[in-house]
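None of these values were measured; they are calculated from a predicted model. Worth knowing before you read on, the calculation uses all heavy atoms, side chains too, and leaves out hydrogens, waters and symmetry mates.
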Amino acid sequence: DRGFISDSNPIRESISLYGQTTYPISDTFRLITGLRYTKDEVKSTVSNFFSPNPSFINPKTEDVTGRVALEWDLDDTSMTYVSYTRGLKPGGSNLTFSVGEDALVRESFEDETIDAYELGYKTDLMNNRVRTNVAAFYYDYTNLQFQASDFNEFGSGVSNIPESSIYGVEFEMTALIGDNFSMDVKLAAMESEVSADYLALDN
């Protein structure tokens, strides 16, 4: 039998600030903007039987992301919108990793970013007893983080898919039935695509 021993002590420090504004272009049309500042740092000293000599890993992230959206009230009970959002998931360090060009799990992994586009419609029907939301979306990922395995024993950690996307449509409906019951309906159709080559081990 073999066991895994790690003498690692990762420390993460993260700070984030977010602000949002709503600007009325007209009585029924408005512009929404938002900005987020993120600063993230991991201080990790890794020591295990893969790397008996302690390695100091210090991935850092400092970035500004945001959102912009347009909302249009069609009448008192319905509205449509279009939005673009840039999102960020900071990178980090792995407790186990390999070295070399063919390494599948490295000592650190990259920030994950997403460009999210969405077009939607919301409405209340039957004297506000039925609420319906419909949305079409497209998510474009860069360095999508995923749980990866390496050829080494116990060699697992987080790695990155360079380019990928998810797109589809969603439908949600909530209906009040009488005074004591409600009905929820949710439907979605999605497709996903990996659009850049990367090395991965089939578990």
Side-chain angles (χ1 to χ4, degrees), residues 8-46 55-73 79-95 97 103-122 133-148 156-170 172 188 190-200:
S8 305
N9 185 30
I11 299 174
R12 165 161 255 146
E13 298 176 353
S14 185
I15 183 173
S16 181
L17 299 173
Y18 181 76
Q20 181 169 302
T21 65
T22 300
Y23 177 74
I25 299 174
S26 69
D27 291 340
T28 60
F29 197 49
R30 52 197 170 269
L31 170 67
I32 298 173
T33 59
L35 283 178
R36 181 186 300 276
Y37 168 78
T38 300
K39 184 176 182 180
D40 190 276
E41 182 176 6
V42 177
K43 300 176 181 178
S44 180
T45 301
V46 176
S55 301
F56 180 66
I57 307 170
N58 185 216
K60 300 179 181 180
T61 297
E62 188 171 8
D63 203 357
V64 175
T65 55
R67 176 177 186 260
V68 59
L70 291 171
E71 296 182 349
W72 181 26
D73 296 328
M79 60 91 72
T80 187
Y81 66 92
V82 59
S83 70
Y84 163 76
T85 304
R86 179 68 180 262
L88 171 72
K89 182 189 292 186
S93 63
N94 287 312
L95 296 182
F97 54 87
L104 304 182
V105 176
R106 300 181 181 274
E107 62 181 17
S108 62
F109 51 94
E110 301 294 329
D111 299 340
E112 172 187 315
T113 58
I114 177 176
D115 293 310
Y117 306 87
E118 187 168 333
L119 174 65
Y121 173 75
K122 302 175 182 286
N133 302 327
V134 182
F137 61 90
Y138 178 81
Y139 297 158
D140 184 17
Y141 289 92
T142 300
N143 289 327
L144 177 68
Q145 297 171 6
F146 75 105
Q147 192 67 30
S156 63
V158 179
S159 189
N160 299 96
I161 299 174
E163 296 178 11
S164 59
S165 60
I166 300 174
Y167 51 92
V169 293
E170 292 181 334
E172 297 180 349
M190 292 184 290
E191 292 285 345
S192 62
E193 179 183 5
V194 174
S195 50
D197 295 336
Y198 67 102
L199 293 175

> For N58, check side-chain hydrogen bond (donor to acceptor under 3.5 Å, both in side chains) against everything at least two apart and list the hits.
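N58: side-chain hydrogen bond (donor to acceptor under 3.5 Å, both in side chains) contacts with E41.
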
> Between V194 and I161, is there a side-chain heavy-atom distance shorter than 4.5 Å?
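With C-beta onward as the side chain, the pair touches.
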
> How would you list, by chain and number, every residue that makes a side-chain contact (heavy atoms from CB on, under 4.5 Å) with N133, sequence neighbours excluded?
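For N133, the residues satisfying side-chain contact (heavy atoms from CB on, under 4.5 Å) (neighbours in sequence not counted) are K122, R131, E172.
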
> Answer yes or no: is there a side-chain heavy-atom contact under 4.5 Å between V158 and N94?
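Yes, their side chains come closer than 4.5 Å.
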
> With sequence neighbours left out, which residue pairs that include part of residues 160-169 fulfil the side-chain hydrogen bond (donor to acceptor under 3.5 Å, both in side chains) condition?
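Residue pairs passing side-chain hydrogen bond (donor to acceptor under 3.5 Å, both in side chains), neighbours aside: none found.
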
> Would you say the side chain of I57 lies within less than 4.5 Å of the side chain of P10, judging by non-hydrogen atoms?
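No; the side chains remain at least 4.5 Å from each other.
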
> Under 3.5 Å, side-chain donor or acceptor atoms of residues 11-19 against the rest of the protein: list the pairs with distances, not counting sequence neighbours.
unit_1	atom_1	unit_2	atom_2	d
R12	NE	D40	OD1	3.0
R12	NE	D40	OD2	3.2
R12	NH2	D40	OD1	3.0
R12	NH2	G91	O	2.3
S14	OG	D40	OD2	3.1
S16	OG	R36	NH1	3.3
S16	OG	Y37	O	3.4
Y18	OH	Q20	OE1	2.8

> Above 12 or not: heavy atoms from other molecules or residues under 6.0 Å from CZ of F56?
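Counting neighbours around CZ of F56, more than 12 heavy atoms of other residues, nucleotides or ligands fall under 6.0 Å, so yes.
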
> Is there side-chain contact between F137 and I166, with at least one heavy-atom pair below 4.5 Å?
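When only atoms from C-beta onward are counted, I166 and F137 do touch, with a gap below 4.5 Å.
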
> Working to the nearest 0.5 angstrom, can you tell me the gap between D140 CG and R86 CZ?
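So the CG of D140 and the CZ of R86 are separated by 9.0 Å.
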
> Quick one: closest heavy-atom pair of P90 and T61, and the distance?
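That closest heavy-atom pairing would be CB-OG1, 4.0 Å.
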
> If you compare all heavy atoms of Y81 against all heavy atoms of E71, which two are closest, and at what distance to 0.1 Å?
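That would be CB-CG, 4.0 Å.
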
> With sequence neighbours excluded, tell me which residues meet side-chain contact (heavy atoms from CB on, under 4.5 Å) with A116.
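For A116 the side-chain contact (heavy atoms from CB on, under 4.5 Å) partners, ignoring immediate neighbours, are T85, I114, Y139.
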
> Enter the distance from N143:CG to E112:CD here, rounded to the nearest 0.5 Å.
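Between N143 CG and E112 CD, I get 8.5 Å after rounding to 0.5 Å.
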
> Are Y198 and F146, when compared by the centres of their aromatic rings, separated by less than 6.0 Å?
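Here the rings of F146 and Y198 have centres that are less than 6.0 Å from each other.
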
> List in chain and number order the residues that pass side-chain contact (heavy atoms from CB on, under 4.5 Å) with D73, two or more places apart in sequence or in another chain; answer none if no residue qualifies.
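If we apply the side-chain contact (heavy atoms from CB on, under 4.5 Å) test to D73, skipping adjacent residues, the hits are T28, R30, M79.
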
> Measure up the Y84 and Y117 rings against each other and bin them: parallel (under 30°), tilted (30 to 60°), perpendicular (over 60°).
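Because their plane-to-plane angle lies in the 30° to 60° range, the rings of Y84 and Y117 count as tilted.
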
> Quick one: does L31's side chain get under 4.5 Å of V68's, heavy atoms only?
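Yes; the side chains approach each other to less than 4.5 Å.
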
